[in-house]
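Each chain gets a letter, A, B and so on, in the order the sequences are listed, and its residues count up from 1.
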2 protein chains.
Amino acid sequence: MAQVKNNYQFEDMLQKHNLKKTAPRLRVLSMMYSKNTATSQPDLESVMNDIDRVTLYRILNTFEEKGIIHKVFDLNGTANYAVCHSDCRENHHQDEHLHFNCTLCKNVYCINELNMPKLTLPAGFEAQGFTLYASGLCPKCSKKEQVKMN
Amino acid sequence: MAQVKNNYQFEDMLQKHNLKKTAPRLRVLSMMYSKNTATSQPDLESVMNDIDRVTLYRILNTFEEKGIIHKVFDLNGTANYAVCHSDCRENHHQDEHLHFNCTLCKNVYCINELNMPKLTLPAGFEAQGFTLYASGLCPKCSKKEQVKMN
DNA sequence: TTCTAAATACAATAATGTTGCATTTGTATT
DNA sequence: AATACAAATGCAACATTATTGTATTTAGAA
């Protein structure tokens with residue numbers, strides 16, 4: 001499920017967006033691409049505790065501006081970041097997919113397999129984008145629960 | 001659109017939930033019921049600056065636990081609170097409706113008129129609830145924009 | 001190799017979330 | 001109406017997260 005990429009590809013990504021290839025940035029990219037769930041900044045901090053908190057903050061911000069990652073909020077309102085798929089470009093995110101919040105492991109999954117239903121809003125509202133959130137148990141946690149039941 | 005209620009009704013609401021009738025709580029209720037958009041804690045604080053920040057924080061928490069209001073996050077991840085409609089009960093919110101974030105005035109509207117589409121998740125995921133977010137221009141702001149264009 | 005703009009690290013502050021505790025207040029009971 | 005107790009508020013304090021400014025370092029161009 002996780003998109004596998006090597007370091008050369010990460011360097012290319014940075015170059016494409018006119019960003020300098022730096023160690024912190026490459027590490028953030030490889031960490032985020034190795035997971036199939038979104039990552040919160042505290043997550044990143046605990047893994048890369050030698051990188052400054054503010055640096056991570058700014059890296060995430062610029063990645064988001066450039067359309068490399070997008071930000072989603074979990075059930076507690078903390079920001080999580082996930083790699084964008086294909087069609088995001090600078091300042092225009094195409095993240096109309098389902099964000100699944102697992103209530104047990106707290107992970108946030110981006111479900112791209114599901115296409116958004118067409119929706120009509122009440123008169124006057126002009127929608128620019130939709131995001132759908134679901135909460136419940138992810139595959140791993142629902143299995144665990146089943147084991148417990150037996 | 002805003003649900004009109006008087007002070008007696010607010011007192012009843014508190015009593016029903018075994019909450020004491022206090023001035024801060026009644027003021028919060030009347031403020032929230034007078035609006036048709038969700039309210040953030042900073043909003044409340046600026047209006048009721050004589051009430052302690054922590055008191056507001058706790059009032060909002062207990063109201064949420066009791067099913068009187070529900071919490072939604074806006075595009076910036078800040079918590080907003082809106083009065084619940086009919087079928088919320090303690091520890092079980094029925095807020096499967098659309099939350100519309102206006103990108104201009106930043107207001108969050110709860111759109112109950114729209115019924116949620118049925119969705120099927122990938123195998124393994126067990127959804128307990130859905131929430132739909134939309135962003136764009138609310139009726140007021142889209143009118144303003146039209147005026148500007150002329 | 002040198003130079004410059006960009007990126008990082010560090011310091012500092014703001015905003016928000018959260019807990020503990022003393023004081024006050026609503027309400028049930030006498 | 002007075003009392004008594006649990007609940008609610010207000011205040012102090014602290015934790016976490018978001019954010020800005022600036023000196024230092026570094027990537028990449030010349």
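One atom, NE2 of His17(A), and another, P of dG28(D), lie 16 Å apart when rounded to the nearest Å. We find that CG of Leu60(A) is positioned 11 Å from P of dT8(C), with the value rounded to whole Å. For Leu19(A) and dG28(D), the CG to P distance is 11 Å, given to the nearest whole Å. Straight-line distance from the OH atom of Tyr81(A) to the P atom of dT17(D): 12 Å, rounded to whole Å. Straight-line distance from the CG atom of Asn80(B) to the P atom of dT16(C): 11 Å, rounded to whole Å. dA27(D) atom P lies 10 Å from atom CG of Leu26(A), rounded to whole Å. Between Leu14(A) atom CG and dA27(D) atom P there is a gap of 13 Å when expressed in whole angstrom units. As rounded to whole Å, 17 Å separates atom P of dA7(D) from atom CG of Asn61(B).
Heavy-atom distances to DNA chain D give each of Gln15(A) and Val54(B) a nearest nucleotide, and the one nearer the 5′ end belongs to Val54(B). Each of Pro42(B) and Lys20(B) has a nearest nucleotide on DNA chain C; the 5'-most of these lies closest to Pro42(B).
Remark: aromatic rings of Phe125(B) and Phe100(A) are close, center separation under 6.0 Å.
For dT19(D), the OP1/OP2 oxygens have a side-chain nitrogen or oxygen of Tyr57(A) closer than 4.0 Å. At the phosphate of dA8(D), OP1 or OP2 sits under 4.0 Å from a side-chain N or O atom of Arg25(B).
Between Gln15(B) and Glu11(B), the side chains place no donor N or O within less than 3.5 Å of an acceptor N or O (distance only, hydrogens not considered).
When the nucleotides dT17(D), dA9(C), dA27(D) are ranked by their closest atom to the side chain of Asp52(A), dA9(C) comes out on top. Of the candidates dT8(C), dA13(D), dA18(D), dA13(D) carries the atom nearest the Arg53(B) side chain, counting heavy atoms from C-beta on.
With hydrogens and angles disregarded, no donor-acceptor distance shorter than 3.5 Å links the side chain of Glu64(A) to the backbone of Tyr81(A).
Here Asp50(B) pairs with Arg27(B) in a salt bridge; the nearest charged N to carboxylate O distance falls below 4.0 Å.
Residue contacts for Thr22(A): at a heavy-atom cut-off of 4.0 Å it reaches the sugar-phosphate backbone alone, with no base atom in range.
At a cut-off of 3.5 angstrom, the base of dG17(C) holds no donor-acceptor pair with the side chain of Arg58(B).
Here dA12(D) sits opposite dT19(C) as a Watson-Crick or G-U wobble pair (both hydrogen-bonding atom distances under 3.5 Å).
With a 4.5 Å cut-off on side-chain heavy atoms, Leu14(B) and Thr22(B) do not count as touching.
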